[in-house]
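Below is one structure, written out as C-alpha coordinates; the observations come after it.
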Amino acid sequence: DDLRLHPAAQMLREGLPVVLSSDDPGVWGAKGLTHDFWEATVAWNLTTRSLKALAQNSLEFSGLSVDEKFQAKANWQDAWNKFMQEWKLILSETLLV
(Lines give C-alpha, C1' and ligand atoms only; values in the text may rest on other atoms or scores of the structure.)
Protein backbone atom coordinates (compact mmCIF):
# COMPACT_ATOMS: atom_id res chain seq x y z
CA ASP A 1 0.00 0.00 0.00
CA ASP A 2 1.38 3.36 -1.07
CA LEU A 3 0.32 6.10 1.32
CA ARG A 4 1.08 8.71 -1.35
CA LEU A 5 -2.03 7.48 -3.18
CA HIS A 6 -4.38 7.75 -0.19
CA PRO A 7 -7.36 10.02 -0.97
CA ALA A 8 -6.94 11.94 2.30
CA ALA A 9 -4.04 13.90 0.79
CA GLN A 10 -6.28 15.37 -1.92
CA MET A 11 -9.11 15.88 0.54
CA LEU A 12 -6.79 17.90 2.78
CA ARG A 13 -5.60 20.01 -0.17
CA GLU A 14 -9.23 20.74 -1.03
CA GLY A 15 -9.90 21.96 2.50
CA LEU A 16 -12.03 19.04 3.63
CA PRO A 17 -11.75 18.16 7.32
CA VAL A 18 -9.29 15.30 7.65
CA VAL A 19 -8.00 13.76 10.87
CA LEU A 20 -5.31 11.24 11.66
CA SER A 21 -5.99 8.82 14.46
CA SER A 22 -4.18 5.78 15.70
CA ASP A 23 -7.42 3.81 16.02
CA ASP A 24 -6.37 0.86 18.17
CA PRO A 25 -2.59 0.49 17.92
CA GLY A 26 -2.45 -2.29 20.50
CA VAL A 27 -4.54 -4.57 18.31
CA TRP A 28 -2.68 -4.17 15.04
CA GLY A 29 0.81 -3.14 16.18
CA ALA A 30 0.85 0.50 15.04
CA LYS A 31 3.81 2.63 16.01
CA GLY A 32 1.71 5.45 17.46
CA LEU A 33 0.17 8.70 16.33
CA THR A 34 3.46 10.60 16.05
CA HIS A 35 4.62 8.00 13.55
CA ASP A 36 1.34 8.33 11.65
CA PHE A 37 1.83 12.10 11.40
CA TRP A 38 5.40 11.56 10.20
CA GLU A 39 4.29 9.07 7.55
CA ALA A 40 1.57 11.43 6.32
CA THR A 41 3.97 14.39 6.29
CA VAL A 42 6.46 12.53 4.11
CA ALA A 43 3.93 10.83 1.82
CA TRP A 44 1.66 13.83 1.32
CA ASN A 45 4.33 16.55 1.37
CA LEU A 46 2.55 18.32 4.22
CA THR A 47 3.31 21.87 5.25
CA THR A 48 3.20 23.35 8.73
CA ARG A 49 -0.22 24.76 7.83
CA SER A 50 -1.45 21.27 6.86
CA LEU A 51 -0.14 19.75 10.08
CA LYS A 52 -1.85 22.47 12.07
CA ALA A 53 -5.15 21.78 10.30
CA LEU A 54 -4.86 18.03 10.97
CA ALA A 55 -4.20 18.63 14.66
CA GLN A 56 -7.02 21.16 15.00
CA ASN A 57 -9.41 18.86 13.17
CA SER A 58 -8.59 16.06 15.59
CA LEU A 59 -9.94 18.23 18.41
CA GLU A 60 -12.84 19.73 16.48
CA PHE A 61 -14.18 16.35 15.37
CA SER A 62 -13.41 14.49 18.58
CA GLY A 63 -15.93 13.02 20.97
CA LEU A 64 -15.12 15.60 23.65
CA SER A 65 -17.91 17.58 25.24
CA VAL A 66 -18.26 21.24 24.28
CA ASP A 67 -16.47 22.36 27.45
CA GLU A 68 -13.71 19.77 27.08
CA LYS A 69 -13.26 20.70 23.45
CA PHE A 70 -12.98 24.41 24.31
CA GLN A 71 -10.31 23.71 26.93
CA ALA A 72 -8.44 21.25 24.70
CA LYS A 73 -8.36 23.75 21.84
CA ALA A 74 -7.06 26.51 24.13
CA ASN A 75 -4.36 24.24 25.55
CA TRP A 76 -3.41 23.08 22.07
CA GLN A 77 -3.20 26.64 20.72
CA ASP A 78 -0.91 27.67 23.60
CA ALA A 79 1.35 24.68 22.91
CA TRP A 80 1.32 25.40 19.16
CA ASN A 81 2.26 29.04 19.69
CA LYS A 82 5.16 28.03 21.94
CA PHE A 83 6.30 25.42 19.41
CA MET A 84 6.23 27.92 16.55
CA GLN A 85 8.17 30.53 18.54
CA GLU A 86 10.85 27.96 19.36
CA TRP A 87 10.91 26.68 15.78
CA LYS A 88 11.34 30.20 14.38
CA LEU A 89 14.21 30.80 16.78
CA ILE A 90 15.91 27.55 15.72
CA LEU A 91 15.48 28.43 12.05
CA SER A 92 16.83 31.94 12.50
CA GLU A 93 19.87 30.62 14.37
CA THR A 94 20.44 27.99 11.70
CA LEU A 95 20.30 30.57 8.93
CA LEU A 96 22.90 32.71 10.71
CA VAL A 97 25.43 29.87 10.79
Side-chain angles (χ1 to χ4, degrees):
D1 295 334
D2 190 341
L3 189 58
R4 294 173 295 177
L5 303 177
H6 194 285
Q10 184 63 32
M11 296 163 100
L12 190 59
R13 282 191 291 277
E14 292 176 6
L16 295 170
V18 175
V19 300
L20 295 180
S21 64
S22 56
D23 196 24
D24 194 353
V27 171
W28 49 277
K31 296 177 182 162
L33 192 54
T34 300
H35 182 76
D36 293 346
F37 267 81
W38 172 251
E39 291 283 331
T41 298
V42 172
W44 302 342
N45 231 5
L46 297 181
T47 63
T48 306
R49 183 169 288 148
S50 301
L51 290 169
K52 181 178 183 180
L54 282 171
Q56 288 175 319
N57 287 344
S58 69
L59 295 173
E60 180 63 33
F61 299 103
S62 70
L64 297 172
S65 70
V66 172
D67 292 337
E68 291 170 327
K69 200 175 286 192
F70 179 82
Q71 188 60 52
K73 287 179 180 181
N75 292 342
W76 183 89
Q77 189 64 56
D78 289 344
W80 178 262
N81 292 342
K82 182 179 177 193
F83 168 76
M84 290 306 295
Q85 287 174 347
E86 292 172 359
W87 184 245
K88 288 175 185 177
L89 179 61
I90 291 169
L91 285 177
S92 67
E93 290 172 352
T94 303
L95 295 174
L96 293 175
V97 175

(message) Suppose we screen for ring pair (Phe, Tyr, Trp, His ring centres under 6.0 Å). Which residues come up paired with W80, at least two apart in sequence or across chains?
(response)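 In terms of ring pair (Phe, Tyr, Trp, His ring centres under 6.0 Å), with neighbours along the sequence ignored, W80 is linked to W76, F83.
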(message) Take a 6.0 Å sphere around CG of N75 and say whether it holds more than 12 heavy atoms from other residues, nucleotides or ligands.
(response) yes
(message) Are there over 12 heavy-atom neighbours, none belonging to F70, within less than 6.0 Å of that residue's CZ?
(response) no
Is it true that [X] and [Y] fall in one hydrophobic cluster, defined by side-chain heavy atoms closer than 4.5 Å?
X   : Y   : answer
M11 : V19 : no
F37 : W87 : no
L33 : W44 : yes

(message) Would you compute the distance between atom NZ of K82 and atom CD of Q77 and round it to the nearest 0.5 angstrom?
(response)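 So the NZ of K82 and the CD of Q77 are separated by 14.5 Å.
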(request) Linking directly or through intermediates, with side-chain heavy atoms under 4.5 Å: list the remaining ILVMFWY members grouped with W38, chain and number order. (result) V42
Of all residues at least two apart in sequence or in a different chain, which pass the salt bridge (charged side-chain N to carboxylate O under 4.0 Å, His left out) check with [X]?
X   : value
D2  : R4
E60 : K73
K69 : none

List, one per line, each side-chain donor-acceptor pair under 3.5 Å for residues 49-56, sequence neighbours excluded.
unit_1, atom_1, unit_2, atom_2, d
S50, OG, T47, OG1, 3.1

(request) Verify, without hydrogens or angle tests, whether E39 (side chain) and D36 (backbone) share a donor-acceptor contact under 3.5 angstrom. (result) no
(message) Quick check: closest heavy atoms across P17 and N57, and the distance to 0.1 Å?
(response)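 That would be CA-ND2, 3.6 Å.
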(message) For A40 versus L20, what's the shortest heavy-atom pair and its separation?
(response)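 Smallest heavy-atom distance, with atoms named: CB-CD1, 3.8 Å.
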(request) From the options Q85, E93, E86, select the one residue that forms a side chain to side chain contact (heavy atoms under 4.5 Å, CB included) with L89. (result) E93
(request) Kindly determine whether M84 and T48 satisfy side chain to side chain contact (heavy atoms under 4.5 Å, CB included), including the steps that lead there. (result) CA-CA 10 Å; M84 290 306 295; T48 306; 3.9 Å; yes
